[in-house]
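Working notes, structure below.
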Amino acid sequence: MSAWIVEKLYESWRQTFLATKTFFEARTEHQHLVIFENPQFGRVMVLDNVIQVTTGDEFVYHEMLTHVPMLAHGHATEILVVGGGDGGILREVLKHKQVTKAVLVEIDQGVVDMSIEHMPSVSAGAYDDKRVEVVIQDGVEYMAEDGQKFDIIIIDSTDPAGPGEVLFTESFYKNCAKRLKPGGIFTCQNGVPFMQGDELTDTQNRRKPHFKDAAFYVAAVPTYVGGFMALGWATQDPAYRKQGAEVIHQRYSANPFPTRYWTPDLHVASFALPRYVQDLMEK
Ligand code: SAM
């Protein structure tokens with residue numbers, strides 16, 4: 001029996017999906033989780049009434065949040081993913097042959113289990129890869145520990161509400177900076193700037209004290225409505241953002257892997273930001 005499912009991320013603007021089949025709907029230990037089928041976007045996951053991932057367009061977000069830091073770095077072997085229980089970031093990270101370890105710190109076991117069961121194409125077997133270690137824990141606690149350092153830290157979290165809120169704080173970013181190896185790169189899901197401008201401004205101001213270079217790059221994810229999505233970027237080396245397409249092309253041709261959105265030229269172009277986003281960064 002079909003039904004309409006409404007995303008309630010914004011006060012005065014909503015999007016609605018036709019759900020032709022619902023595979024799962026329940027409250028997990030942390031969130032209300034729904035997975036349903038939609039004729040346009042395939043299988044769709046919703047957490048606390050906010051669209052998280054669809055099998056139709058997830059490649060955009062997962063490729064950009066993974067391959068931009070990986071190719072900018074050039075020889076990252078140890079990767080940390082916070083959130084990302086659907087397994088899409090893990091899938092993309094594991095495409096890089098030099099990766100020896102990928103740690104996923106996810107607060108909600110239910111998201112991992114239901115993603116594997118009802119959206120298996122997203123993780124595509126990543127959870128069975130021997131390089132993967134899954135830690136079911138609040139990412140803010142994990143980052144506060146004096147533990148392993150990583151080449152790349154990717155925060156694939158929900159929005160700054162509910163369990164995800166702590167992953168947008170200055171103390172969390174300070175700890176992320178501590179858990180990066182020299183030359184390390186931080187990236188994160190940072191909202192849709194046209195709709196969540198304050199989030200972009202606030203997170204930029206919280207990262208700047210702890211990283212020499214804090215900025216954003218963008219990707220057009222159809223189901224994250226309101227224009228392109230901003231992906232947060234933070235490193236101790238501003239040169240990463242100035243790499244030309246030639247460097248990225250060379251690295252990619254040395255170890256090519258299949259993509260449907262990311263390309264070396266788009267990698268470089270994605271750091272070019274419209275004036276209104278630059279203005280939000282400088283507020
Ligand atoms: N691509 C989506 C987006 O851009 O909004 C994110 C998808 S992924 C499913 C988000 C994950 O973050 C969820 O699995 C959620 O359980 C996890 N999460 C939220 N707060 C967390 C926290 N404090 N620590 C670890 N994982 C968290």
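Quick note: numbers below take in every heavy atom, side chains included, and nothing from hydrogens, waters or symmetry partners. As the structure is a computational prediction, the values presented were derived from the model and not from experiment. Counting convention: from 1, in listed order, for ligands and their atoms alike.
- Glu7 and Arg14 are not joined by a salt bridge, as no carboxylate oxygen comes within less than 4.0 angstrom of a charged side-chain nitrogen.
- Stacking of Arg206 on the aromatic ring of Tyr173 is not recorded, the 6.0 Å distance cut-off and the 45° axial limit not both being met.
- The shortest non-hydrogen separation linking Cys176 to Phe186 is SG-CE1, 3.7 Å.
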* side chain to side chain donor-acceptor pair (under 3.5 Å) evaluation trace for His75 with Gln98 -> CA-CA 7 Å; His75 50 275; Gln98 84 278 6; over 6 Å; no
Taking a 3.5 Å cut-off between nitrogen or oxygen atoms, can you list every pair linking ligand 1 to the protein, with distances?
{"residue": "ligand 1", "atom": "1 (N)", "partner": "Gln52", "partner atom": "O", "Å": "3.2"}
{"residue": "ligand 1", "atom": "1 (N)", "partner": "Asp156", "partner atom": "OD1", "Å": "3.4"}
{"residue": "ligand 1", "atom": "1 (N)", "partner": "Tyr224", "partner atom": "OH", "Å": "2.8"}
{"residue": "ligand 1", "atom": "4 (O)", "partner": "Tyr61", "partner atom": "OH", "Å": "3.3"}
{"residue": "ligand 1", "atom": "4 (O)", "partner": "Tyr224", "partner atom": "OH", "Å": "3.4"}
{"residue": "ligand 1", "atom": "5 (O)", "partner": "Ser157", "partner atom": "O", "Å": "3.3"}
{"residue": "ligand 1", "atom": "14 (O)", "partner": "Glu106", "partner atom": "OE1", "Å": "2.6"}
{"residue": "ligand 1", "atom": "14 (O)", "partner": "Glu106", "partner atom": "OE2", "Å": "3.3"}
{"residue": "ligand 1", "atom": "16 (O)", "partner": "Gln31", "partner atom": "NE2", "Å": "3.0"}
{"residue": "ligand 1", "atom": "16 (O)", "partner": "Glu106", "partner atom": "OE2", "Å": "2.6"}
{"residue": "ligand 1", "atom": "20 (N)", "partner": "Pro163", "partner atom": "O", "Å": "3.2"}
{"residue": "ligand 1", "atom": "20 (N)", "partner": "Gly164", "partner atom": "N", "Å": "3.3"}
{"residue": "ligand 1", "atom": "23 (N)", "partner": "Asp138", "partner atom": "OD1", "Å": "3.0"}
{"residue": "ligand 1", "atom": "23 (N)", "partner": "Pro163", "partner atom": "O", "Å": "3.0"}
{"residue": "ligand 1", "atom": "24 (N)", "partner": "Gly139", "partner atom": "N", "Å": "2.8"}
{"residue": "ligand 1", "atom": "26 (N)", "partner": "Ile107", "partner atom": "N", "Å": "3.2"}

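- A search for side chain to side chain donor-acceptor pair (under 3.5 Å) contacts involving Gln109 returns Asp113, not counting sequence neighbours.
- The side-chain heavy atoms of Val225 and Leu9, taken from C-beta on, include no pair separated by under 4.5 Å.
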